[in-house]
Undergrad: 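My structure is below; once you've seen it, I'll send some questions.
Atoms considered below: every heavy atom in the structure, side chains included; atoms not considered: hydrogens, waters and symmetry mates. Counting starts at 1 for both ligands and their atoms, following the listed order. Positions are given from 1 along the sequence.
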Amino acid sequence: MGIQQDIDDLLTLSRQLLQAIDDGDWEIYRQLCDDELTAFEPEAAGHLVEGMQFHRYYFELDGNAPLQSTISSPSVRVWGDIGLVTYVRLIQTVDSAGAPHTAAAEETRVWRRHDGGWRHVHFHRSNN
Ligand code: GLY
């Protein structure tokens, strides 16, 4: 397995992760993430959140507006068992009146090789 294969796998996994978020699919999201995932994201109000419980809350909300995420300008780098994926995430949704909107957020996601695959271990998302 070469570096290009790792890069392709990390991009594919990043797309699967965003699809799970957009679909509200907790099982897929949980499988892709390490139990000790750490994160800085706007929802955490400047705090580093640790573990999965904080994220689960959003998957259990009812009546979320439909989301579609697109990875733009990705960069993937790999050092041994660590992979770093950065990109701009375009997030399409609709407001309460049904009008479509697009937001953009910078995301940095760190993956660690685990049991022959990759686990998501840290991310940082900018305000959007
Ligand atoms: N808010 C969960 C995630 O971006 O992974």
Undergrad: Residues two or more places apart in sequence or in another chain: which of them pass salt bridge (charged side-chain N to carboxylate O under 4.0 Å, His left out) with R30?
TA: E27
Undergrad: If we only count heavy atoms from C-beta on, is the R109 to L17 side-chain gap below 4.5 Å?
TA: yes
Undergrad: Using a strict cut-off of 4.0 Å, indicate which atoms of ligand 1 neighbour a heavy atom of I21.
TA: 3 (C), 4 (O), 5 (O)
Undergrad: In this structure, does ligand 1 have an atom that sits under 4.0 Å from one of the heavy atoms of Y58?
TA: no
Undergrad: Just to confirm my output: which protein heavy-atom neighbour is closest to atom 1 (N) of ligand 1, and how far is it?
TA: E41 OE1, 2.9 Å
Undergrad: Under 3.5 Å between some N or O of ligand 1 and some N or O of H120?
TA: no
Undergrad: Between E43 and R125, does at least one N-O distance fall below 4.0 Å, as a salt bridge requires?
TA: yes
Undergrad: Is R109 touching ligand 1 with its side chain, its backbone, both, or neither, if touching means heavy atoms under 4.0 Å apart?
TA: side chain
Undergrad: Please report whether the ring centroid of F123 lies less than 6.0 Å from that of H120.
TA: yes
Undergrad: For ligand 1, note which part of E107 has a heavy atom under 4.0 Å away: side chain, backbone, both or neither.
TA: neither
Undergrad: So if I count the atoms of ligand 1 from 1 in the order they appear, which ones are less than 4.0 Å from some heavy atom of Y29?
TA: 2 (C), 3 (C), 5 (O)
Undergrad: Heavy-atom distance under 4.5 Å between the side chains of L32 and Q16, does that happen here?
TA: yes
Undergrad: My understanding is that only one of H124, H55, H47 makes a side chain to side chain contact (heavy atoms under 4.5 Å, CB included) with E41; could you say which?
TA: H55
